[in-house]
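The chains referred to below are lettered A, B, ... by the order of the sequence lines, with proteins before strands, and numbering in each begins at 1. Atoms considered below: every heavy atom in the structure, side chains included; atoms not considered: hydrogens, waters and symmetry mates.
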Amino acid sequence: MPQAATGGSRHAGSGTAPIRASRPLGCQWFCCVGSRTPYGCPVSASAEVKSNPTLPAAEASPPVPLPKTSESPQLLKIRHSMSHVLAMAVQKLFPAAKVTIGPWTETGFYYDFDNPEPFSEGDLKAIKKEMAKLIGRRLPLERLEVSRAEAEARIRAQNEPYKLEILEGLQDPISLYTLGDDWWDLCAGPHVAHTGELNAKAFELESVAGAYWRGDENRAQLQRIYGTAWETPEQLAEYQHRKQEALRRDHRRLGKDLELFSIEDEAGAGLVFWHPRGARMRLLIEDFWRQAHFADGYELLYTPHVADISLWKTSGHLDFYADSMFGPMQVDEREYQLKPMNCPFHVLTYASSLRSYRELPIRWAELGTVYRYERPGVMHGLMRVRGFTQDDAHIFCLPEQIGDEILGVLNLTEAILSTFDFKNYEINLSTRPEKSIGDDAVWDLATKGLIEALDRKGWAYKVDEGGGAFYGPKIDLKIEDAIGRMWQCSTIQLDFNLPERFNLEYVAADGSRQRPIMIHRAIFGSLERFFGIMTENYAGDFPFWLAPEQIRLLPVTDEVIAYAESLQAELRQAGVRSSIDRSGDRLGKLIRNGEQQKIPVLAVIGAQEAEQGSLSLRSRRQGDLGAVARAELVNAARQATEQRLSLLPLGAH
RNA sequence: GCCCUUGUAGCUCAGCGGUAGAGCACUCCCUUGGUAAGGGAGAGGUCACGAGUUCAAUUCUCGUCAAGGGCUCCA
C-alpha cells in the first residue's frame, strides 16, 4: 500500500509530527559512487516529552501543551510579529544593520541581519530589553498593499539591498506591514493586530549564529538571532524545561558522567575512546548483533583497514569522495588508503572464487570501522565523527530473490531495533532518479521487490519519487526516540553499479555468466552514532541486560563484605555484572551514588541480610523491591541478562 | 570552512594587569552507620597551546588547537 509522497507514515506510530529537516548529523555512505546518504538528526525537537513512568526525579507537573507554530494560528501570528519586533529593535540599536529575512520556526523565530559588527550574545540582552519596550508601546501592525514601484521606492529610500532582492522574487500583490509609524517590513503576514498581543514575559532571545544570505556560502555571511515566543510565560517555562530535558539526555554529558567514552584532544577530533563501561556495552550490542545475524543466515567477514588505493578508483569513490576521505599514504611503491567504507572488500571477497547460482543468496556482515574526513566544526559527540563502525552487510542474490531478501532485512531490522526499545519507525522508499544506470527491467524488478517486501511486512511508507541513488532504489528507516525525535539509522540500498564495476558474476543454471544483484544494508548505520541515540533515548537509564554495571552491592557495615564478595562471585558465575561499593560511606551516600550513576539494581546488605542469605533490593525503575533471597536474585539476574530484559523478573514483587 | 561563545584542579564553575579559589570527587583520620550527601584534615593547577603588548599576562591583543550553538557541506 504505497502512499503518496506527502505526509510521512510510520507503521506503529501514533500522531506523527511533521518533519522539519534541520541539519543532518552524521553521515554515512554506502558503496558506490553517489551513494552518500545523509543521516537525519533529531527532526522534531519539540514533540511531547514522554516521561518514563518508571523513573524517579521529574516531579509530575501537569503537562503544559506546547503547540508547534504550524499547528497554532495564534503562535504563528505571535512569532511572525515577534521577528519584526526583533528587527525593529535591532535597527534602533544598530542603525547600520540591514534587514533580510525573519521567518518562524516550529519553536520560535529568527531574523538574519547584515551588520558591520557581529552581534555578541551580550547584545541580546539589550535587544531583548528594547523589544520589551516596543511591545509595551502596543504598536499596531497594519497591512498595506502597494505597487511594485512603490515598494521599490520605499526600499530604496531606506537603502535596504537585501529587501530589494527579496522584492524581485515576490509575486504581486506586494504586501508590507507597518509596525507603528516609523518602521515597516515586507511581509505576507499574518500578524497580531498590535504588539500588545505579544507577551513581553513569554519570549526569549536564544542565540546568535552565522548564516549565509540565501543559504549560499559564497554570499554574504549574516548574523542570525534566534528567539522563541509563546502565548504565556507558563508555556515559555515549559519550553525551557523541555530544552533542559534534552540537555539532561545529552549523550556527551552522559558519556562523561557515566564514564562510557571520551574524545581526546591529543588524539584528534572525531575519534572515539571507549572506556571500560562503554566498551562493555558496545560488546553486548555487538554480541547481540552477531547472534541475530547468524540466526538469520549471515556469515561474518573481517576485512583490512587500509588497502591499495586502486580499489577506490575501481569502485569510483575516489572520483566523487576524495574530499571526504583521509589522505592516501605511501607504502613501499604503492599508495594505500584508509578505508572509508567496507563494500569493495566484500566485493573482492565475493570475486575471490567462481560463484554458482546455487550459493546465492550470500549474506555477509561486518562490523567494519571506517574513517572519513569531516570538516572541522562539524563533529558532534558520537553523532558525527571521523572514525566509526558500520554494521555493514552485503547480500548477493538473484533478481528473483530480492523480495525475500529485503523482507528478511526488514524483519532483522525490526528485531534488532526493538530490542533497544525503538518501536516507531518512519519509512521512505526512494525510486529511480533521472540520471541513473541500469536497465529499465532491472530497476522495475528491484523497485517491485522493495515494495513487495514492505507490503508483506505490512509497513506503511512514503515514496520519494526519483530520490534513489543513480545505481539503485533504496529504503530508509527512521526511528523515534523517547522524546519524539526522529533519527535515520537503517538503510537498505540496491546496487546495480558495483557488481558492474568489479565485474561480479555467478554461473547460472544454463552455464552462462550472470551478474548478481547486490544489496547494501545497515541497521545501526554507525555503531557510535547509534550508541549516542540509544543513550539519549534511555537518558542513561539503560535496561538491565545492557547496563555496564547491573547490580551494585551496598554493604551497610564492613562485617558483611565477605558475604557480599561471595555473592558477587556467584553473580559473576551466572554472567551478571556486579560490583561492591567499598567506599565505607554511610548507606544514604551509597544509595545516592548508585542512583546518580544510574545503576539498575542496588542490593543493600546488612547484618540481617547476611544472616538470612538475602538482599534488600532497590530497583532504579521500580523502586523498593524489599527482601529477596540470594538464589532468587541470582536466577532473576541471569535470566534478565540472557533474555535481554529491562527489569529483573522477580515473581510477585 | 564561516559566524558567535567557551577553554582555570578529575568534574561543575568563580575570579583577576601584581604568577589562583569554591563545591563535589580523591587520600588519610574519626565515625560501624539501614534506603538520595556523617564529621575533620590533606593532596591536587605551566589558568588549552604559541606569539605580542607591558616593569609585570591566567587576565589585554593576535594566531593555533579543541569544545558548544548555528550556518554550510554531506552528488
Side-chain angles (χ1 to χ4, degrees), chain A residues 22-29 32-41 56-57 105 110 112-115 117-124 206-226 243 247 250 252-253 256-257 259 262-271 316-317 319-321 323-324 372-381 384 433 435-436 467-471 554-561 583-597 602-609 616-620 623-627:
Chain A
S22 53
R23 87 214 124 94
L25 287 178
C27 144
Q28 189 196 17
W29 23 297
C32 327
V33 175
S35 70
R36 175 164 274 198
T37 308
Y39 265 18
C41 64
T105 66
Y110 65 84
D112 288 348
F113 300 93
D114 188 352
N115 194 45
E117 292 295 313
F119 300 122
S120 70
E121 308 231 335
D123 294 330
L124 294 187
E206 298 181 288
S207 62
V208 180
Y212 297 104
W213 172 236
R214 299 258 146 116
D216 182 346
E217 67 176 316
N218 297 314
R219 307 184 73 164
Q221 169 110 36
L222 308 173
Q223 300 292 315
R224 174 171 300 177
I225 297 179
Y226 280 96
K243 271 176 68 171
L247 211 61
D250 192 310
R252 294 165 300 184
R253 162 148 296 282
K256 176 110 204 150
D257 290 350
E259 298 177 83
S262 69
I263 291 166
E264 302 294 332
D265 280 10
E266 290 89 335
L271 301 170
H317 287 105
D319 295 337
F320 286 79
Y321 296 120
D323 289 349
S324 301
R372 295 176 184 175
Y373 174 74
E374 294 283 359
R375 295 166 78 179
V378 302
M379 264 73 74
H380 181 88
R384 191 154 175 181
K435 270 181 66 180
S436 53
F470 77 91
Y471 55 80
L554 309 181
V556 176
T557 66
D558 288 351
E559 279 85 65
V560 297
I561 284 186
S583 68
D585 286 317
R586 286 190 161 66
L587 184 60
K589 186 65 172 294
L590 304 188
I591 301 268
R592 178 180 159 85
N593 286 343
E595 292 291 357
Q596 285 190 330
Q597 288 164 44
L602 301 177
V604 175
I605 300 172
Q608 200 183 336
E609 287 81 2
S616 183
L617 289 190
R618 181 182 163 116
S619 157
R620 179 148 174 85
D624 191 355
L625 298 178

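Qualifying side chain to side chain donor-acceptor pair (under 3.5 Å) partners for A:Asn593, counting only residues two or more places apart in sequence or in other chains: none. Remark: A:Ser616 pairs with no residue by the side chain to side chain donor-acceptor pair (under 3.5 Å) rule, at least two apart or across chains. In terms of the side chain to side chain donor-acceptor pair (under 3.5 Å) criterion, residue partners of A:Arg253 (sequence neighbours excluded) are, by chain and number, A:Asp257.
Between the side chain of A:Glu259 and the base of B:rG10, no donor-acceptor pair under 3.5 Å is found.
Residue A:His380 has no polar side-chain atom (N or O) positioned under 4.0 Å from OP1 or OP2 of B:rA67. Here A:Arg618 does not reach the OP1 or OP2 of B:rG34: none of its side-chain N or O atoms lies under 4.0 Å away. Checking the phosphate oxygens (OP1, OP2) of B:rG69, a side-chain nitrogen or oxygen of A:Arg252 falls inside 4.0 Å. Remark: A:Tyr226 is in phosphate contact with B:rC71, judged by side-chain N or O atoms under 4.0 Å from OP1 or OP2.
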Let's test your reading of the pairing rules: Watson-Crick or G-U wobble, both distances under 3.5 Å, then write RNA chain B as a dot-bracket string with ( ), [ ], | and dots. (((((((..((((....[..)))).(((((.......))))).....(((((..]....))))))))))))....

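Picking from B:rU35, B:rU32, B:rA36 the nucleotide with the shortest atom distance to the side chain of A:Gln596 gives B:rA36.
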Each nucleotide N or O in nucleotides 39-49 of chain B that has a protein N or O under 3.5 Å away: list the pair and distance.
none

Between the protein and nucleotides 24-31 of chain B, which nitrogen or oxygen pairs are less than 3.5 angstrom apart?
unit_1: B:rA25; atom_1: OP1; unit_2: A:Lys589; atom_2: NZ; d: 2.8
unit_1: B:rU31; atom_1: O2'; unit_2: A:Arg586; atom_2: NH2; d: 3.2
unit_1: B:rU31; atom_1: O2; unit_2: A:Arg586; atom_2: NH1; d: 3.1

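Residue A:Gly588 is classed as a sugar-phosphate contact, given heavy-atom separations below 4.0 Å to backbone atoms only. Note on A:Gly468: a base of the nucleic acid sits closer than 4.0 angstrom, heavy atoms only. Using a 4.0 Å heavy-atom criterion, one finds that A:Lys256 contacts the sugar-phosphate atoms exclusively.
The CD1 atom of A:Ile263 sits 9.5 Å away from atom CZ of A:Arg252, with the distance rounded to the nearest 0.5 Å.
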